[in-house]
Amino acid sequence: MDKGARVVPRYSIPTMTALWSDQNKFTAWLTVELAVIEAREKLKLIPDGTFKRIKQQAVFSLWKIEEYEKRTSHDLIAFVESVSEHLEEELQKYFHYGLTSYDIEDSARALLVRRGFEIIFEGIEKVAQALEKKARLYKAVPMIGRTHGQHAEPITVGLKFLCWYDDLIRQKKFLHLAYDEMAYTKISGAVGIYGSGLAPELEWQTLRLLHLFPARTSRQIILRDRHAHVLNALASLAGVLENIFLNIRLLAQTEVGEFREVFQKGQKGSSRMPHKRNASIRSEQLDGLSSVVRGYAGIMLEHIKTWGERDISHSSVERIIVPDAFQLVHYMLKTLEEIVTDLEVNQEKITNNLLLTQGIIFSPEVRDLLLTFGFNSETAYLISQQDALRAVTEGQSYLSVLLGDERIPSELKTGELQKIFDLKSKLRHVDDIFARFGL
C-alpha cells in the first residue's frame, strides 16, 4: 500500500500528491541508482551493456520493501534488496556499489523538490492569469482604499487585483532561487570523500545525467540549509496568498459586501441559520493552511544542524513537512485560482461605500488648496481635519461643511474648492501604474 500522501486528502490535488507518493519516491531512487550505473559504464568502470541489462531487469515492489524494512529497519536497504532480487546474480554487485543511502536519497529528493517547484510555478501562472483578467476588467472602477480599516483615498478595483498580481509573480524570483539551490547534491560516499570506488568524475557524470550538479563539499548528506531555503520560499508564497485571502474575507463582510465568493447551487452556509451564505468560507480555510506552511518553515530551520557528518534528526521531519508543504501550497494556489475566477464583485456596493464618508477622502486636496492660498501648514491641516470630523459626526457632506466654514475665504468657495472634489484627478495615474505591466 502506498503511504506517501500524508497530507489530509481534502487539502491536496492529485498531481502533487502523486509526486510525493512512495511509488514515485522509490522510482526516483531507482532513477539515481541507474544513473550511477550508466555513468560507471560511460567511464569504462564496468563492462559495456551492463547498464542496459540492469535497466531492463530493475523493478521494485512496494509491499516487499515494506516487508524488508520491518526486518532491516532501513528503507534504502529494503529498496536495494527488493530491486536486487530481480537482477541476474552477476549484475547484483553493480547495483548500489560503493554508495551510501543519502547519495541516493538526497539526489532523488532534489529531483522531487525541483519537480514540485515546477508544478508550483504552473499554479502561480494560472492564478496570475486570473488576477490579470480581473485587473483589466475593473481597471477604471473606483473603490475606496483603506488603511487601518478606515477610508483613506480612492483606488480602483482593478488596481487592487493588480497589486495582488504583482505580489504573486514576484514570488517566482524567490522560488527560483530555492529551485536552483536544490540542483546541488552529492554522490560522494559515507562522509563525502569518495570512498569505495567513488570519484568526483563519477559524481559529475552521474549528476549530469540527472540534470543536477555536485556540491563543492558534502558530508554524508547535503546540509539542510538548502531545504530550509525551500520551506522559507514556500512560506513566503503562502504569506502572499494569505494576504489575498484575508482581504477577500474583509471585503466580503456583510457591512462591506464588495467582494464575495461564488455560492454554489446546493451549498449551505450554516447547519443552524439558513440565511447564512458565508461569503468567504474558502478564503478562511486557506488562511488557516498558510499558518501550517509557515510553521513548517520554522521547523526546517531548526533542523539545518547535523552531528558531525550526519545524524538522522532531520529525516523524520522532512519526510512529513516537505511533501506536506508542497501539497498545501499547491492546493492553496488551485483554490485561489477558482476563487478569483468566480469572484463576485458588487460594483453598486463599492460605489456606495466610496461615497459613505461624504467626500472627506478629499481632505488632502483641501489642505493643499489652503496651502497654495497662503495658509501655513498647521492651520491648513487643522481646518481640513476639523471640517472632515464635523462632516462625519453631523452626517453632512464635507463640501457643505467647508462652504460654511468662515475661516475659508469666499473666493475659494466660489472657485477652486468645488473643483478639487474630482475622482478622475485622484486616479489620474492608474494608467501609468498599469503601463508598468504592459496592461
Side-chain angles (χ1 to χ4, degrees), residues 127-169 243-262 279-280 283 339-370 384-385 387-392 395-403 415-439:
V127 178
Q129 289 170 12
L131 290 169
E132 180 186 334
K133 185 175 181 180
K134 283 289 195 292
R136 289 178 181 271
L137 181 61
Y138 298 108
K139 175 182 178 180
V141 178
M143 74 179 297
I144 190 62
R146 297 172 173 89
T147 59
H148 307 284
Q150 309 295 306
H151 283 207
E153 296 203 51
I155 57 174
T156 71
V157 178
L159 187 58
K160 181 171 283 292
F161 284 109
L162 184 67
C163 286
W164 292 345
Y165 168 84
D166 183 35
D167 298 338
L168 182 61
I169 61 173
N243 181 60
I244 301 174
F245 307 147
L246 174 62
N247 279 279
I248 289 175
R249 291 173 60 194
L250 291 171
L251 296 175
Q253 295 177 96
T254 301
E255 295 84 354
V256 182
E258 295 178 357
F259 289 178
R260 62 183 183 185
E261 296 175 17
V262 67
S280 61
S283 295
I339 290 173
V340 173
T341 298
D342 298 329
L343 192 66
E344 297 177 5
V345 177
N346 189 333
Q347 294 191 52
E348 181 179 358
K349 190 70 172 178
I350 288 170
T351 300
N352 290 341
N353 287 341
L354 181 63
L355 301 175
L356 187 64
T357 49
Q358 305 203 60
I360 66 171
I361 58 175
F362 291 96
S363 68
E365 284 74 20
V366 172
R367 178 177 179 271
D368 292 345
L369 179 62
L370 295 176
S384 57
Q385 180 191 48
D387 285 354
L389 295 176
R390 181 182 167 193
V392 172
Q396 300 184 56
S397 74
Y398 188 35
L399 179 58
S400 66
V401 174
L402 291 166
L403 292 174
E416 296 300 317
L417 184 59
Q418 299 187 46
K419 293 180 182 179
I420 63 175
F421 284 76
D422 180 13
L423 272 176
K424 289 183 179 180
S425 178
K426 282 240 187 213
L427 300 171
R428 63 189 180 278
H429 292 301
V430 169
D431 284 342
D432 297 329
I433 299 172
F434 270 75
R436 296 169 185 167
F437 299 86
L439 304 177

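As a basis for the values below, the full set of heavy atoms in this structure was taken, side chains included, without hydrogen atoms, waters or symmetry mates. As the structure is a computational prediction, the values presented were derived from the model and not from experiment.
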Could you state the interatomic distance from [atom1] ([X]) to [atom2] ([Y]), rounded to the nearest 0.5 Å?
{"X": "T254", "Y": "K349", "atom1": "OG1", "atom2": "NZ", "value": "9.0 Å"}
{"X": "S397", "Y": "L355", "atom1": "OG", "atom2": "CG", "value": "11.5 Å"}
{"X": "D342", "Y": "E261", "atom1": "CG", "atom2": "CD", "value": "10.0 Å"}
{"X": "Y165", "Y": "E132", "atom1": "OH", "atom2": "CD", "value": "5.0 Å"}
{"X": "L250", "Y": "E255", "atom1": "CG", "atom2": "CD", "value": "11.5 Å"}
{"X": "K134", "Y": "K160", "atom1": "NZ", "atom2": "NZ", "value": "15.0 Å"}

Side chains of [X] and [Y]: does their closest heavy-atom pair fall under 4.5 Å?
{"X": "W164", "Y": "V340", "value": "no"}
{"X": "M143", "Y": "P154", "value": "no"}
{"X": "L354", "Y": "L423", "value": "yes"}
{"X": "L356", "Y": "H151", "value": "yes"}
{"X": "L402", "Y": "F421", "value": "yes"}
{"X": "S425", "Y": "I420", "value": "no"}

E344 with R260: basic N within carboxylate O range, under 4.0 Å: yes
Note: R146-E258 ion pair, threshold 4.0 Å (strictly below):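 Answer for the salt bridge query: yes.
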Determine the minimum heavy-atom distance between [X] and [Y], stating which atoms define it.
{"X": "R136", "Y": "F434", "result": "N-CE2, 4.5 Å"}
{"X": "Q358", "Y": "G395", "result": "NE2-O, 3.1 Å"}
{"X": "I350", "Y": "P142", "result": "CG2-O, 3.3 Å"}
{"X": "R390", "Y": "V401", "result": "CD-CG1, 3.8 Å"}
{"X": "Y398", "Y": "D387", "result": "CE1-C, 3.6 Å"}
{"X": "A152", "Y": "I361", "result": "O-CG2, 3.4 Å"}

Any residue meeting salt bridge (Lys or Arg N to Asp or Glu O under 4.0 Å) with D422, in chain and number order, not counting sequence neighbours: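 None.
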Test salt bridge (Lys or Arg N to Asp or Glu O under 4.0 Å) applied to K139 - qualifying residues, sequence neighbours left out: D431
Sole candidate of I248, D167, L168 that passes side-chain contact (heavy atoms from CB on, under 4.5 Å) when paired with N243: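 That would be D167; it is the only one of I248, D167, L168 passing the side-chain contact (heavy atoms from CB on, under 4.5 Å) with N243.
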E153/E365 under side-chain contact (heavy atoms from CB on, under 4.5 Å): CA gap, chis, key distance, verdict: CA-CA 11 Å; E153 296 203 51; E365 284 74 20; 4.2 Å; yes
Any residue meeting side chain to side chain contact (heavy atoms under 4.5 Å, CB included) with I433, in chain and number order, not counting sequence neighbours: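 If we apply the side chain to side chain contact (heavy atoms under 4.5 Å, CB included) test to I433, skipping adjacent residues, the hits are L159, L162, R436.
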Evaluation steps, ring-ring contact (aromatic ring centres under 6.0 Å, His included), between F161 and F259: CA-CA 12 Å; F161 284 109; F259 289 178; 5.5 Å; yes
Exam field: side chain N353 to backbone I144, donor-acceptor pair closer than 3.5 Å: no
Flag, side chain of T351 to backbone of Q347, donor-acceptor distance under 3.5 Å: yes
Trace of the side-chain contact (heavy atoms from CB on, under 4.5 Å) decision for Y138 with T156: CA-CA 7 Å; Y138 298 108; T156 71; over 6 Å; no
